[in-house]
Amino acid sequence: MAFDIATTLHAMETYVQKTGLFQTVQIGEPKSPVGQGFHAAIFMNSVSITMVYAGGDTRENHIVTLRVYRDMLAENTDPQLNLESEIAVVLSKLMEGLLGDTDLESTVMTIDAAGMDGGNMAASFGYTDVGGSMYRVADITVPLIVNGSATLAGTGV
């Protein structure tokens, strides 16, 4: 079996949709402006095999980027908060939730928060243009340990 990357992406998409924090959640980056409110995009960063079990099943590291978007010119929904604070609140809720449900109720074995198999969970901030509109973004790197997504045939193990 080839790497089952789509299952990992869909597990993340389903989990993020259930949080209720976002107007839209999609796999892949948006090609046109996403509008007001918070939006999320999910895309793969990397995939690697970290262990091969007897019989050829694998343990893998699927690193997913979860990008949070907010129109940088949008009115604040909470007059007590500015754009940075609003994003910080959403990110805190999202990251806390991810760390509290480490298997995403799916085939994911665990979120590799501290980087046992590679990179650790982290967030970085920036800006991006989407179809002529500027968005403040926060990228959460989510390293996922997945068992049995790929099976190696003829490895002799």
Side-chain angles (χ1 to χ4, degrees), residues 2-50 59-147 149-150:
F3 286 106
D4 194 2
I5 297 167
T7 297
T8 299
L9 289 170
H10 289 295
M12 181 66 77
E13 177 187 35
T14 300
Y15 179 84
V16 174
Q17 286 172 335
K18 286 181 180 179
T19 67
L21 295 171
F22 302 98
Q23 301 295 316
T24 61
V25 177
Q26 69 182 59
I27 294 175
E29 297 181 73
K31 307 295 186 253
S32 59
V34 290
Q36 300 296 311
F38 285 94
H39 302 271
I42 300 156
F43 45 95
M44 290 303 294
N45 187 329
S46 67
V47 178
S48 61
I49 294 174
T50 58
R59 173 171 156 163
E60 302 158 30
N61 190 0
H62 293 192
I63 300 180
V64 174
T65 297
L66 171 54
R67 179 169 286 169
V68 175
Y69 295 82
R70 178 87 162 119
D71 185 331
M72 68 175 271
L73 300 177
E75 293 294 323
N76 295 336
T77 55
D78 182 340
Q80 302 300 313
L81 297 175
N82 59 32
L83 179 61
E84 291 300 304
S85 297
E86 285 188 332
I87 288 177
V89 167
V90 168
L91 229 57
S92 293
K93 288 178 183 177
L94 185 57
M95 291 176 82
E96 179 181 354
L98 284 167
L99 292 172
D101 184 1
T102 57
D103 67 356
L104 304 181
E105 300 176 9
S106 72
T107 57
V108 171
M109 183 177 128
T110 191
I111 292 175
D112 192 7
M116 295 183 312
D117 277 1
N120 60 322
M121 188 173 195
S124 59
F125 299 80
Y127 295 89
T128 193
D129 182 297
V130 179
S133 294
M134 285 300 292
Y135 287 83
R136 182 68 166 139
V137 295
D139 288 347
I140 304 172
T141 301
V142 185
L144 304 168
I145 297 175
V146 178
N147 273 336
S149 170

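Shortest non-hydrogen contact noted between Asp4 and His62 is O-CE1, 4.2 Å. Closest of all the heavy-atom pairs between Pro30 and Ala41 is CD-CB, 4.1 Å. Taking all atoms of both residues into account, the shortest heavy-atom contact from Asp71 to Met134 is OD1-O, 3.6 Å. Shortest non-hydrogen contact noted between Ser32 and Val130 is O-CG1, 3.2 Å.
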Could you list the donor-acceptor pairs under 3.5 angstrom formed by side chains in residues 118-127, with sequence neighbours left out?
none

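By the 4.5 Å heavy-atom criterion applied to side chains, Thr14 and Lys18 are counted as neighbours. His10 has its side chain out of reach of Ile42: every pair of non-hydrogen atoms, C-beta onward, lies at least 4.5 Å apart. Under the 4.5 Å side-chain criterion, counting only non-hydrogen atoms from C-beta, Thr8 is not in contact with Glu60. Contact of the Val34 side chain with the Gln23 side chain is not registered, since no non-hydrogen atoms from C-beta on lie closer than 4.5 Å. In this structure the side chain of Phe22 reaches within 4.5 angstrom of the side chain of Val16, judged on heavy atoms. Within the 4.5 Å cutoff, side-chain heavy atoms of Leu66 are placed close to those of Leu94. Taking 4.5 Å as the limit, some side-chain heavy atom of Tyr69 sits within range of a side-chain heavy atom of Thr128.
Here the CE-OH distance, from Met72 to Tyr135, works out to 11.5 Å after rounding to the nearest 0.5 Å. Met109 contributes atom CE, which lies 5.0 Å from atom CD1 of Ile145 (distance to the nearest 0.5 angstrom). Here the straight-line distance linking atom CZ of Arg70 with atom NE2 of His39 works out to 8.0 Å at 0.5 Å rounding. Rounding to the nearest 0.5 Å places CD of Glu84 at 10.5 Å from CG of Leu91. Interatomic distance, OG1 of Thr19 versus CG of Leu98, reported as 8.5 Å (0.5 Å rounding). Taking OG1 of Thr65 as the start and CG of Asp139 as the end, the distance is 6.0 Å to the nearest 0.5 Å.
Within the structure, the salt bridge (charged side-chain N to carboxylate O under 4.0 Å, His left out) test picks out the following pairs touching residues 23-46 (sequence neighbours left out): Glu29-Arg67. Applying the salt bridge (charged side-chain N to carboxylate O under 4.0 Å, His left out) test to residues at least two apart or on different chains, none of the pairs has a partner in residues 90-99. The list of salt bridge (charged side-chain N to carboxylate O under 4.0 Å, His left out) pairs with a residue in residues 118-133, not counting sequence neighbours, is empty.
Applying the side chain to side chain donor-acceptor pair (under 3.5 Å) criterion to Thr110, with sequence neighbours excluded, gives no partner residue. Applying the side chain to side chain donor-acceptor pair (under 3.5 Å) criterion to Gln26, with sequence neighbours excluded, gives no partner residue.
Considering Ile63, Asp112, Ile111 in turn, Ile111 is the only one that fulfils the side-chain contact (heavy atoms from CB on, under 4.5 Å) rule with Leu144.
Checked by atom type and distance alone, the side chain of Thr50 pairs as donor or acceptor with a backbone atom of Arg59 at under 3.5 Å.
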